[in-house]
Amino acid sequence: MSQAPSTASAGLTRPRSAGRAGDIALIAVFAALLAAFAMMPPVPVGPAGVPITLQTFAIALCGLVLGPWRGAASTLLYVVLGLLGLPIFSGMSGGIGVLAGPSAGYILSFTLYALVAGLIARWAVRRFRGMRLGIALFIGGFAASLLLNHPLGILGMSINADLPLRVAAVADLAYWPGDIIKNILAASVAVLIHRAFPDVLRRRGVSVASVGGSGSAASGPADPASGRSVVNGGAASAPEKESDAK
């Protein structure tokens with residue numbers, strides 16, 4: 001009985017499993033990174049006292065580096081753990097009670113913010129390099145912030161702080177300069193990471209075609225010097241191949 005299919009299957013399964021483990025590790029690491037940046041001393045501003053923090057820098061970094069789904073998963077993990085009571089939100093706060101505070105809308109927007117930034121990053125990384133990639137990532141991160149983080153933050157501030165929408169929108173303008181700076185920094189860091197690890201946004205796992213194609217996953221071209229067939233980077237003689245196939 002031939003053992004080649006089982007060998008090929010094992011070669012395919014292991015990279016996929018390793019890829020899933022790597023994804024989980026990245027999600028956990030970036031969620032921890034979010035918690036670490038939230039520990040930086042907040043600076044309360046505006047009538048509702050919503051603080052300026054480095055959380056949005058870390059959220060943009062999640063999406064711009066990990067892409068849409070892993071970036072969203074890392075921020076969702078962070079938000080869920082914080083709502084469950086871990087003191088990982090700004091000012092070392094945690095628990096479901098934060099949803100009654102003026103920052104509730106900003107917190108609830110984190111996952112969508114990372115998702116949209118990641119979608120734009122995945123598109124940009126396939127098309128641009130260098131400075132053009134950095135500009136595209138900055139535009140993507142800042143656009144996601146303007147479309148999701150700020151509007152939901154304004155809505156939450158208006159409801160929980162009992163402010164008219166117009167007053168809440170004016171108060172939100174105080175966070176724009178900081179967001180521009182944080183998205184520039186996040187885009188710059190993301191460019192460096194994508195340059196060092198160009199496969200970080202690509203789909204993990206090995207396809208059959210990449211191993212050698214259908215029906216030839218375990219074989220390769222013949223070595224002209226020895227007359228032996230190359231198998232997964234090594235060489236096997238014809239008798240060895242026949243014995244393996246029995």
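None of these values were measured; they are calculated from a predicted model. Values below: every heavy atom of this structure, side chains too, minus hydrogens, waters and symmetry copies.
- Not a single salt bridge (Lys or Arg N to Asp or Glu O under 4.0 Å) links Asp172 to another residue, sequence neighbours left out.
- The OG atom of Ser188 sits 11.0 Å away from atom CD1 of Ile193, with the distance rounded to the nearest 0.5 Å.
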Next item on the list: Assess whether ring-ring contact (aromatic ring centres under 6.0 Å, His included) is satisfied between Phe30 and Tyr78, documenting all intermediate values.
Entry: CA-CA 9 Å; Phe30 274 77; Tyr78 165 76; over 10 Å; no
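- Atom OG of Ser109 is separated from atom CG of Leu155 by 11.0 Å, given to the nearest 0.5 angstrom.
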Next item on the list: Start with the C-alpha distance between Ile139 and Asn183, add both sets of side-chain angles, then the distance that settles side chain to side chain contact (heavy atoms under 4.5 Å, CB included), and finish with yes or no.
Entry: CA-CA 8 Å; Ile139 293 174; Asn183 275 283; over 6 Å; no
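- Side-chain contact check for Arg122 versus Trp69: some heavy-atom pair is nearer than 4.5 Å.
- Residues Leu64 and Val125 are members of one and the same hydrophobic cluster, defined by side-chain heavy-atom contacts under 4.5 angstrom among Ile, Leu, Val, Met, Phe, Trp and Tyr.
- Met157 and Val167 fall within the same hydrophobic cluster, where Ile, Leu, Val, Met, Phe, Trp and Tyr residues are linked whenever their side-chain heavy atoms come under 4.5 Å apart, directly or through other members.
- One hydrophobic cluster holds both Ile107 and Leu77 under the rule that ILVMFWY side chains link at heavy-atom gaps under 4.5 Å.
- The same ILVMFWY cluster, assembled from side-chain heavy atoms under 4.5 Å apart, contains both Phe110 and Leu86.
- At a threshold of 4.5 Å between side-chain heavy atoms, the hydrophobic network of Ile, Leu, Val, Met, Phe, Trp and Tyr places Ile181 and Met40 in one connected group.
- Using a 4.0 Å cut-off between charged nitrogen and carboxylate oxygen, Asp23 and Arg20 do not count as a salt-bridge pair.
- Atom CZ of Arg166 has 12 or fewer heavy atoms from other residues, nucleotides or ligands within 6.0 Å.
- Considering CG of Leu146 and CD1 of Ile180, their distance stands at 8.0 Å, rounded to 0.5 Å.
- What you find for Phe128 and Ala136 is that their closest heavy atoms are CD1-CB, 3.9 Å.
- Judged purely by atom type and a 3.5 angstrom limit, Ser158 uses its side chain to pair as donor or acceptor with the backbone of Leu163.
- Residue Leu34 comes nearest to Cys62 through the heavy atom pair CD1-SG, 4.2 Å, listed as atom of the first residue, atom of the second, then distance.
- To the nearest 0.5 Å, atoms CD1 (Ile120) and CG (Leu137) are separated by 9.5 Å.
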Next item on the list: Check the pair Val45 / Val50 against side chain to side chain contact (heavy atoms under 4.5 Å, CB included), numbers first and verdict last.
Entry: CA-CA 6 Å; Val45 297; Val50 176; 5.9 Å; no
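- For the atom pair CG (Leu115) and CG (Leu148), the distance works out to 8.5 Å, reported to the nearest 0.5 Å.
- When side chains are defined from C-beta on, Tyr106 does not count as touching Leu152, because their heavy atoms never get closer than 4.5 Å.
- Of all non-hydrogen atoms in Leu83 and Val98, the two that sit nearest each other are CD2-CG2, 3.7 Å.
- Closest approach of Lys182 to Phe57, counting heavy atoms only: O-CD1, 3.4 Å.
- Between Phe138 and Ile135 the shortest side-chain heavy-atom distance does not fall below 4.5 Å.
- Side-chain contact between Thr56 and Ser145: absent, with no pair of heavy atoms (C-beta onward) separated by less than 4.5 Å.
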Next item on the list: Start with the C-alpha gap between Tyr113 and Thr75, add the side-chain angles, then the distance that decides, and say whether side chain to side chain contact (heavy atoms under 4.5 Å, CB included) holds.
Entry: CA-CA 9 Å; Tyr113 179 5; Thr75 54; over 6 Å; no
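- Taking all atoms of both residues into account, the shortest heavy-atom contact from Leu61 to Ala190 is CD1-N, 4.2 Å.
- The line from CD1 of Ile88 to OG of Ser93 is 9.5 Å long, rounded to the nearest 0.5 Å.
- Ser90 is linked by a side chain to side chain contact (heavy atoms under 4.5 Å, CB included) to Pro42, Pro51, Thr53, Gln55, counting only residues two or more places apart in sequence or in another chain.
- At a threshold of 4.5 Å between non-hydrogen side-chain atoms, the residues His150 and Asp179 count as touching.
- In plain terms, the two heavy atoms of Asn160 and Gly101 that are nearest each other are ND2-O, 2.6 Å.
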